[in-house]
Amino acid sequence: MSDQAAPGMPGSPEDWSGYLARTRWFAGKGRPFRVTGAERLGLLPGSVDGGPRVVLDLVEVAYDDEAAARGGDQARERYQVPLACYPDAQQRLDHAFVGWWEDPELGWVHAYDAAHDREAAACWLRSFDRAAREPDGTLTDGALTFHRLPGHDLDLEATSTLFSGEQSNSSLAFGEDALMKLFRKVTVGTNPDIEVHAALTRAGSEHVAALRGWLDARDPASGETLQLAMLQAYLRTASDGWELALASVRNLFTSEDLHAREVGGDFSAEAARLGTALAETHAVLAEHFATDRLTGDDAARLAAAMEARLDDALAAVPELAAHEGALRSLYAAVAALPEVAVQRVHGDLHLGQTLRTVEGWKLVDFEGEPARPLHERVLPDSPWRDVAGMMRSLDYAPHVVARTLAEGDPAWAEQLHERAAEWSHRNRNHFVNAYAGRGLTDEERTLLAAYEADKAVYETVYETRNRPSWVQIPLAAVARIGA
Ligand SMILES: Nc1ncnc2c1ncn2[C@@H]1O[C@H](COP(=O)(O)OP(=O)(O)O)[C@@H](O)[C@H]1O
Ligand SMILES: O=P(O)(O)O[C@H]1O[C@H](CO)[C@@H](O[C@H]2O[C@H](CO)[C@@H](O)[C@H](O)[C@H]2O)[C@H](O)[C@H]1O
C-alpha cells in the first residue's frame with residue numbers, strides 16, 4: 001500500500017483516521033493507530049443513471065502498541081470502506097458523510113458510507129441477481145466476483161435497511177428477502193463466516209440462515225482473494241436471543257416475590273433448546289470439517305493461547321491482576337489434560353449471535369472472535385469454547401438488567417444481583433445439560449471453566465474499549481471463577 005493519499009481518499013490519512021474512529025465497526029478503537037494507505041478494489045457494477053457510483057476502497061491501519069510489536073495480524077489491519085459517490089451533496093445522507101475530493105476516476109465527488117445508501121445497496125443486489133443468471137452462477141467485473149448459490153430469485157424491488165446496533169460488520173436487510181453482510185475487517189483467504197455457512201447450508205442444517213451468495217475481490221497487494229460480503233436468507237420471524245433473555249430477566253425482576261422458575265417469562269426451556277441446537281450444529285461441523293484429538297504439546301497450545309490473552313489483557317485492564325494466580329492455575333489444568341477433542345466451532349458464541357424463529361433457534365456470525373488472528377480462529381478448537389461463550393452470555397443478561405435498574409441505589413443493586421445470579425444459574429444449567437445430554441466429565445468441567453475464564457478475560461478488554469461502564473460484569477465473573 002502507498003503512504004500517499006490514494007485515489008478516492010479524503011485529503012490525508014488523518015482524515016481517514018477520524019472517520020474510522022467514529023465508526024462502530026473499527027476494531028482499533030482504544031489502540032494507538034495510524035492510517036498507512038488506501039487502495040481501490042473496484043467499482044460496483046449495477047449503477048444506474050442518476051444513482052451513485054459505488055467504489056470499494058480498502059484502508060490500511062498500523063498499530064503502535066505491545067500487541068503490534070509481536071507482529072503478525074495484530075500489527076496491521078485492513079478495512080473495507082464502500083463509498084457511494086455523487087457529483088453533488090446528498091442531504092439525506094449527511095449522517096454518513098465521509099468527505100469530498102477530486103477522484104481520478106470519477107471527478108469531484110461527495111462520498112458517503114455506501115452501507116447507509118439505499119441507491120448504493122441496490123447496486124450490490126442487482127449484481128448478485130445478475131450472477132445467478134450466469135451459467136456458472138458468477139459475475140466478474142474487474143477485480144470483483146459475485147457468486148450465487150441456486151434456488152432463490154432475489155426480490156429486486158426490495159429496499160435496503162442498514163441494521164443499527166453494536167456490530168463488527170455492516171448488515172443490510174433487503175426487505176424481508178435477503179440479508180447482506182459487508183465484512184469490514186478483511187484478511188486474505190477464505191472468510192470463516194462464508195465457509196461455515198456454505199457447509200451448513202449444503203448439509204441442510206436447520207440452525208443457520210441459508211447462504212445465497214458472496215462477493216470476492218482480488219487483493220491488489222497479493223493477488224489473492226479477499227472475501228467482502230455474504231448474502232443470506234433473511235430470517236423473517238426472528239427474535240434476537242439477547243433481547244428475549246433480557247425480557248425474561250425484566251419479567252423476573254418485576255415479580256418481586258417469585259423465583260425464576262415461577263415467572264411467566266421463564267427462559268429455561270429456550271435455554272435448553274439452545275443447548276440442543278448447539279449440539280446439533282457441532283455434530284454437523286464435525287462431519288464437514290477436520291477433527292482431531294490434541295495431546296501433549298498440542299493440548300498445551302490451547303492453554304498457552306489463554307495465557308497469552310491474559311498477558312495482553314493484564315496490560316489493558318489492571319484490575320485483572322488480583323485474579324492472575326487463579327486464572328493461571330485454571331489454564332495449567334488444561335495444559336495437563338491427557339487429551340482434548342477439537343473440531344470446527346463457532347468461536348464467538350453469545351446470545352446476540354442467536355435468533356429464535358418459528359422453526360427454532362438459528363446461529364449467526366461464524367467469523368470467530370474479531371480480536372483473534374484469522375489463522376487462529378479457523379483452527380479446530382474445543383466445542384466447549386462455544387458452550388462457554390453462551391454460558392457467559394447467560395450470565396451477562398441478568399447482570400446487565402440489574403445494573404441498569406439499580407443505577408445509583410447500592411442496596412437495591414445488591415438485591416437485584418442476587419436475583420440475577422438465580423436467573424443465571426437456572427438458565428446456564430438448562431443450557432449445558434441439554435447440550436451434553438448427560439452429566440459432564442471432570443475433563444469437560446475443567447475445559448468449560450477455563451474457556452469461561454478466557455472469555456471473561458477477553459470481555460474485560462472488550463468492555464474497557466467499547467462500553468467501559470459494563471466492565472464490572474466480566475470482572476465480577478473473573479472474580480467468581482477465580483474464587
Ligand atoms: N439471516 C438473518 N436474518 C435476519 N437477521 C439476521 C440474519 N443474520 C444476522 N441477523 C441479525 O443481524 C445482526 C448482525 O449479524 P452478525 O452476523 O452478528 O454481524 P456482526 O458480524 O456485525 O456482529 C445479528 O444480531 C442478527 O440479529
Ligand atoms: O461484534 P460481535 O457480535 O462479534 O461480538 C462482540 O461484541 C459483543 C457485544 O455485542 C460481545 O459480547 C459481550 O456482550 C454481550 C452483550 O452485549 C454478551 O451477551 C456476551 O456474552 C459478551 O461476550 C462479544 O464478546 C464481542 O466479541
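In this chain, numbering begins with 1 at the start of the sequence shown. Start at 1 and go down the list; that is how both ligands and their atoms are numbered.
Closest approach of R184 to P82, counting heavy atoms only: NH1-CD, 3.2 Å. Residue G46 comes nearest to R130 through the heavy atom pair N-NH1, 4.4 Å, listed as atom of the first residue, atom of the second, then distance.
In terms of N/O distances under 3.5 Å, ligand 1 is approached by N169. Geometrically, ligand 1 and F163 share no nitrogen or oxygen pair separated by less than 3.5 Å. Some N or O of H350 is nearer than 3.5 Å to an N or O of ligand 2, by distance alone. When only interatomic distances are considered, the shortest N/O to N/O separation between D365 and ligand 1 falls below 3.5 Å. The shortest N or O to N or O distance between V364 and ligand 1 is not under 3.5 Å. Checked against a 3.5 angstrom limit, the closest N/O atoms of K181 and ligand 1 fall inside it. Considering backbone and side-chain atoms together, D348 places an N or O closer than 3.5 Å to an N or O of ligand 2. Backbone and side-chain nitrogen or oxygen atoms of Y462 are examined, and one is located within less than 3.5 angstrom of a nitrogen or oxygen of ligand 2. The shortest N or O to N or O distance between E367 and ligand 1 is not under 3.5 Å. An N or O contact shorter than 3.5 Å is missing between Y396 and ligand 2 by distance.
Checked by atom type, the side-chain pair S248/W423 shows a donor-acceptor distance below 3.5 Å.
Taking the six-membered ring for Trp and the full ring otherwise, F174 and Y234 have centroids separated by 6.0 Å or more. Note: F183 and W214 fail the aromatic proximity criterion, with ring centroids not under 6.0 Å apart.
The distance from ligand 2 to the heavy atoms of S168 drops below 4.0 Å at these ligand atoms: 1 (O), 2 (P), 4 (O). Listed by number with element, the atoms of ligand 1 under 4.0 Å from a non-hydrogen atom of G352 are 25 (O). Shown in contact with D365 at under 4.0 Å from a heavy atom are these atoms of ligand 2, numbered in order with element: 4 (O). Atoms of ligand 2 found under 4.0 Å from any heavy atom of S393, numbered from 1 in the order shown, are 18 (C), 19 (O), 20 (C), 21 (O).
Using cut-offs of 30° and 60° for the angle between ring planes, the Y19 and W25 rings count as perpendicular. Ring geometry for F128 against F146 counts as perpendicular: the plane angle is over 60°, on a 0 to 90° scale with 30° as the lower cut.
More than 12 heavy atoms of other residues, nucleotides or ligands lie within 6.0 Å of CG in D409, so this atom counts as buried by the packing criterion. Other residues, nucleotides and ligands place more than 12 heavy atoms under 6.0 Å from the CD atom of E319.
Contact annotation: S168 has at least one heavy atom less than 4.0 Å from an atom of ligand 1.
Residue-level proximity to ligand 2 for R467 is carried by the side chain, the only part with a heavy atom below 4.0 angstrom. At a heavy-atom cutoff of 4.0 Å, ligand 2 is contacted by no atom of E367, backbone or side chain.
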